[in-house]
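A note on names: the letters A, B, ... follow the listed sequences, proteins ahead of strands, and every chain is numbered from 1. These numbers were taken from a predicted model, which means no experiment stands behind them.
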Amino acid sequence: MFRYFIRRVIQLIPVFFITTALIFIVIRLIPGDPIQAQFGERRVPENLRAAYEARYHFNEPLWKQYFLYMGDVLTFDLGESVASQRPINDLFREALPRSATLAGMAIALQAVIAIPLGIAMARTKDRFFDNMSLVVTLVALAIPVFVLGLVAQTTIGLQLGWLPISYDQSLKSFVLPAVVLAVTSTAVTARLMRTTLLEVGREDYLRTARAKGLSESRTFRVHALRNALIPVVTVLAIDLGALLGGAIVTEQIFNIPGIGFQITRAIQNRDNTIITGISVFLVMAYLIVNLVVDMLYAWLDPRIRYD
Amino acid sequence: MTSTESALPPPSGAPYAPSSDALLSVRGLVKEFPQRGGLPGRPLPPVQAVSGIDFDVPAGKTHGLVGESGCGKSTVARTVLRLEKPTAGAAMFEGADLFGMDRTALRDARRNIQIVFQDPFASLNPRMTVQTIIEEPLVIHGVSSGDEREARVADLLRRVGLSPEHANRYPHQFSGGQRQRVGIARALALEPRLIIADEPVSALDVSIQAQVVNLLRDIQDESGVGYLFIAHDLAIVRNISDLVSVMYLGKIVETGTRDEIFDHASHPYTKALLSAVPEPNPVTERVRQRIVLEGDVPSPADPPSGCRFRTRCWKAQEQCIHEVPALIDRGAGHPVACHFPE
Amino acid sequence: MTDAFDPSSRPGIALAASSAEDVGDPRTFWGDAWRILRRKWLFWVSLTLIVIFVTMAVFPQLYVWPSPSPDDPSGLHCKLTDTRLGPSFSEHWYGTDVQGCDYYAQVTYGARVSLTVALFATLITVGLGILLGGLAGYYGGFLDSIISRTADGFFALPYLVGAIIVLSALTTSDGRQTWHVTVAIGSLGWPAVVRLYRSTVLQVKQLEYVQAARALGASDFRILTRHILPNAVAPTLVYATISMGAVISVEATLSYLGIGLPIDSISWGIMLQEASNKIERSGHLLWFPTGYLIAASLAFVLMGEQLREAFDPRFR
Amino acid sequence: MTDTTVAFEPSIRNGETLLEVDDLTVVFDTEDGVVQAVSDMTWSLAAGETLAILGESGSGKSVSVQTLMGLIPKPPGRVVKGSIRYRGEELVDASAAKLRQIRGSEIAMIFQDPLSALNPVYRVGWQIAEMFRIHRGASRSDANRRAVELMERVGIPNAAARARQYPHEFSGGMRQRAMIAMALALDPKVLIADEPTTALDVTVQAQIMELLQEIQRDTGMGLVLITHDLGVVASVADRVVVMYAGRTVETGPADPFYAAPAHPYAQGLMNSVPRLLGERFRLESIPGSPPSAINMPNGCAFHPRCPHAVDRCHQERPAFVELTDRPGGAACHRTGEF
């Protein structure tokens, strides 16, 4: 297990540098002058421009900027905003808990609905319930999140007035966005649960379990479900990781100042250091979550450990 | 250990006179596979799939290579065909060094060396018709054109006992034995001088096995093709081979003519293998003295020191732990790699 | 208790293996897939929807009369006095928008941009994916490491963030154009195809018929195109079909976020963006483009699902 | 490192009749129509007896025993006719609970591929111990202790440590031993082994056959061996049943059967086995290939491949008749003519 862990970590290092370098290059390609952006239409005073350039290394060659920045990142300093001069770490301290709350709620919903739904679909394979659920999950997959968000806002929020339609710091205001966020991934997960369960259903070891004289319910719970849950749990973990980085559309619609919200605003404001900072954070979060997922997988499926 | 230089002559006591007249002559063949999963600076030891083997396939004859799964016999086939890169050793085909060839030379050599695979379900491209499959070698080597090819394929199909009207069908429409015939037809298309048959019948039902083995023998009688016949089933090997080599854990432990191996086996492993093959005769089976080996084949990533068979051998002594037995004739009349042959 | 989750255990008997001597018609992989597909009603539903939307994109005049004319170059029959009328059977089926333009005509014309973007973005994605995935899977080694790690890198950044950044970088002083969106979506989607195609290539590469072709002396190009591609492409085609549906959604999302298509283009995303703050009083501005968007997206996703089942030997 | 002599055992013991399969017909409903997997199958098994069911792939040999274990999926599988009795008790329409009680504790089964037959995510010892915990309500530690004992008994070295490993850490032979240990857990009266050695190397094959024989000697259970390999069961079988295309074509005591099979298919099969002994180097073979279940020939299913077929064989399915010159029976119109 330890050897596996080390190998995975080593594989992640080049990914980290390739991705961050790509981000760095693309962000510098965004037209417009980040310093000018801070002054709107006004002319930037020469001395201020020089100060900005010195502070953010804008005058250095790109590769040097990258290495200077990576040096900071490795000491967990993501830099500061060009616009407000606030440390980006502070911004994370505020935004991350909001995104995390939203993500946690959405994933909990997803797991609670998708797993039983997937099981029910597999058990009624090709019968009415299964067919209907398949179509419903497909429709859920086809609806863009923003449409879902707008509809939920108008109907549940405004017309019925059950839940707040925008962020007011209360836990309740996370409910509607979490539901919206969970819909698509619940559809995906339920279908995955169904497929893996049907695949596991064909395995020889289930025949063994029946030949051992185990009851259908034990065969299902202990021998089929456990194996079928492995990929599903993995997907849940990956989704959680992805959502930690903020849900751009949902946070936008429901005005939740989480990470997705911040990066959209930074892009509008040409606040390049925030864009870079958040992107680098997202990459790190993704890589760490992937590592955790790999370990989780190896823990759940003993065959992986000795790969 | 065996020499790893690419040049002949063979190590002392090689089974039969080397080889310039042999169709295929392999000397000191080594193939190791690196193992994934090591830590930096501490890589895992490589898997020693084939650890220095010598053998010849004379023109028009069959050399049978037998051993249990994981003994490296299929790796031999793949390496000789250059589907894998050999770690060390030499393979001379009609006097030309297969391992030293560049792409063009290899392409030409491949006209004369063909392979028949084990799995009749995996060895034919499911998206191609039988016509396309069998004519592919002709197309690749630019041998014949259009109409000629069609006639040639029809001819090949007849030769392997199928009907020419099968040509426009797809592999999944055939039974296992028929597919294997298609595979043989493809191998015959370029009229090769050597066919490497890698477990060609082990995936087939008994009644079909016999058909395919007989077909291979008929083809040899007609065309004088040489076979390297790889199998785990000693009885099949006896049926088709002129020469036999027994492999265990990457090494040849005993080699000789068919009659020498089957009538005068002297390596304990060969004896155990022979003893383990059941005969469909209850009367003799019940009274037969049977050697049942204990345990499993050790991992080729970490083979035992000295004689690799010693961990399962009932004759093993101190000497077997420390000294690798050379494959030489110790009085058995044929080469055996054992310190205490019978 | 039920055995229903175990419906397709192999019955232990050769059902499909055709018998020895009967000479049947040649049965191809695609032919078999078609035989399976044509029995599924969901296949016909999705095919019908796709045909409707494709003709709508190519020949909108089949659906909207009168066609654009010198008097009415946009073909939208705009009359400023008719602003935000509700749907009616008599005049404007889907009502009118803020400018008093016929909404039915707009929604219909919207199909062209959405489908064009989806088609070309998917082509870019699949083309790049098959090329790079094939090379990575077939040659392995260092080339594989480079391609796979780069693909991993793309995965590390959320799709939308990536799209936003790329679009911001592409936008020049001339403003944003349709091809910007196409390229942005296409250039971000390929890593998924690389992963998928690479893994199928890795499986297929091991199969004996590929080894057989190598042993025959076939060139790498021949092996990749004649032996590997036909056998490995099915999952990617399924993915491409589903991805058509997804791209329709993504394009609308980008437009909604204000970083998609130019605002003067007629697309469902743009319509939704304009409608998003008028939902309460003019719901039809939201519902009609939404319905079309979902139907178009669903058609492709559904088709992909049906293809998946038809191609997957486990369902046969 | 052993030279073991397999002792000669007197053949059929007159034990209690444990299993009786009578006129069993199993079909599968498929898209191409109803497929007969097993037709009119009849055999029985006594305590202490070894019955070998011989046949090539697709002959229905596995379906018949999976039916008696209640392991074929229904649908698409269906028993349309016949009965299966275990010690007089009907199993065909038995309740799920009744079947469950018999499975594992009265009739145990091992399979061809021991890797896929073991659950990859549980430790081997746990999977064996599960038998005691579920059927006997044993405590966890007690069950584990007995699992280790069983593993020792089937010759798994270092059993206590091996019990804590996962199936993929076992070699093929060890996995099959673990399966056997699991099957033996509750001292079943009948053990059904479905191609138990097909996936194994020849030296390991010999170990497993020896183990099965030894266990049978110790416990006196009835053993059903399903195989395509005539050689593997020659020394252990008391009686044989030969199947072709879902039907029994020949049955009888092993010795006379092996000496002179009566049915042309059995003869062909016997002749196509390559042998280590004797001078005969050219193999005889059966032409053609087995028919597919959806496209069964009329009359005798074997007639297209049979060297002795006459007109009658094309039209009329031969009845199963007792042989006149020795015990046993065969389904051939020309029985005794050659």
Side-chain angles (χ1 to χ4, degrees), chain A residues 11-12 14-16 18-20 22-23 26-27 29-31 119 122-127 131 134-135 138-139 141-147 150-151 153-154 158 197-202 206-207 215-217 220 224 242 245-246 248-249 252 260 263-264 267 275 278-279 282-283 286-287 290, chain C residues 1-10 42 145-146 149-150 152-158 160-162 164-166 168-173 242 245-246 248-250 252-253 256-259 269 272-273 275-276 279-280 283 286-287 289-290 293-302 305 314:
Chain A
Q11 278 177 5
L12 293 184
V15 179
F16 177 74
I18 291 176
T19 321
T20 46
L22 276 175
I23 291 171
V26 176
I27 287 175
L29 289 179
I30 297 178
I119 294 173
R123 298 204 125 194
T124 55
K125 181 178 185 274
D126 290 337
R127 282 189 257 148
N131 281 328
L134 281 174
V135 174
L138 279 181
V139 174
L141 276 174
I143 305 178
V145 176
F146 77 93
V147 172
L150 291 177
V151 172
Q153 251 178 353
T154 18
L158 289 175
L197 205 47
L198 290 174
E199 264 165 27
V200 168
R202 279 189 285 264
L206 290 194
R207 192 178 57 185
S215 65
E216 269 311 307
S217 107
F220 176 76
I248 293 192
V249 178
Q252 185 88 356
I263 195 167
T264 339
I267 291 171
I275 307 177
I278 294 184
S279 303
L282 291 177
V283 172
Y286 172 87
L287 294 179
N290 255 272
Chain C
M1 263 302 147
T2 164
D3 269 1
F5 73 94
D6 174 26
S8 23
S9 297
R10 292 140 300 184
L42 279 176
S145 299
I146 296 276
R149 293 293 86 79
T150 312
D152 285 350
F154 273 78
F155 273 106
L157 202 61
L160 269 183
V161 176
I164 293 171
I165 294 176
V166 171
S168 311
L170 280 176
T171 311
T172 53
S173 48
I242 293 178
I248 293 175
S249 252
V250 169
T253 306
Y256 166 76
L257 288 175
I259 43 161
L272 288 173
Q273 197 222 345
S276 60
I279 317 173
E280 277 174 79
L286 179 70
W287 297 119
T290 301
L293 176 59
I294 294 175
S297 174
L298 182 65
F300 287 101
V301 176
L302 201 55
E305 286 287 320
R314 282 170 307 186

S.K.: Which answer fits Ile23(A), side chain, backbone, both or neither, if we ask what part of it has an atom under 4.5 Å from a heavy atom of chain C?
M.R.: side chain
S.K.: Ser249(C): what forms a side chain to side chain contact (heavy atoms under 4.5 Å, CB included) with it, not counting sequence neighbours?
M.R.: Pro144(A), Ser297(C)
S.K.: Per the side chain to side chain contact (heavy atoms under 4.5 Å, CB included) rule, which among Val249(A), Thr264(A), Ile263(A) passes with Leu160(C)?
M.R.: Val249(A)
S.K.: Check whether any side-chain heavy atom of Ile275(A) lies under 4.5 Å from a side-chain heavy atom of Ile164(C), and answer yes or no.
M.R.: no
S.K.: Say you draw a straight line from CG of Leu12(A) to CG of Asp152(C); how long is it, rounded to the nearest 0.5 Å?
M.R.: 8.5 Å
S.K.: Just do the side chain to side chain contact (heavy atoms under 4.5 Å, CB included) check on Phe154(C) and Leu22(A) with the steps written out, would you?
M.R.: CA-CA 9 Å; Phe154(C) 273 78; Leu22(A) 276 175; 3.7 Å; yes
S.K.: Could I get the full list of side chain to side chain contact (heavy atoms under 4.5 Å, CB included) partners for Gln11(A), not counting sequence neighbours?
M.R.: Arg8(A)
S.K.: Do Thr253(C) and Val145(A) have side chains that get closer than 4.5 Å, going by heavy atoms?
M.R.: no
S.K.: Less than 4.5 Å to any heavy atom of chain A: does that hold for the side chain of Thr290(C), its backbone, both, or neither?
M.R.: side chain
S.K.: Is chain C contacted by the side chain of Val147(A), its backbone, both, or neither, given a heavy-atom distance below 4.5 Å?
M.R.: side chain
S.K.: Is Phe155(C) close to chain A through its backbone or its side chain, or both, or neither, when contacts mean heavy atoms under 4.5 Å?
M.R.: both
S.K.: Using a cut-off of under 4.5 Å on heavy-atom pairs, state which of Gly245(C), Ala252(C), Ala299(C), Ala246(C) scores highest against chain A.
M.R.: Ala252(C)
S.K.: In a check of side chain to side chain contact (heavy atoms under 4.5 Å, CB included) between Leu42(C) and each of Leu134(A), Val135(A), Leu138(A), which one passes?
M.R.: Val135(A)
S.K.: Answer with side chain, backbone, both or neither: which region of Ile143(A) has an atom nearer than 4.5 Å to a non-hydrogen atom of chain C?
M.R.: both
S.K.: Can you say whether Leu298(C) sits under 4.5 Å from chain A via the side chain, the backbone, both, or neither, judging by heavy atoms?
M.R.: both
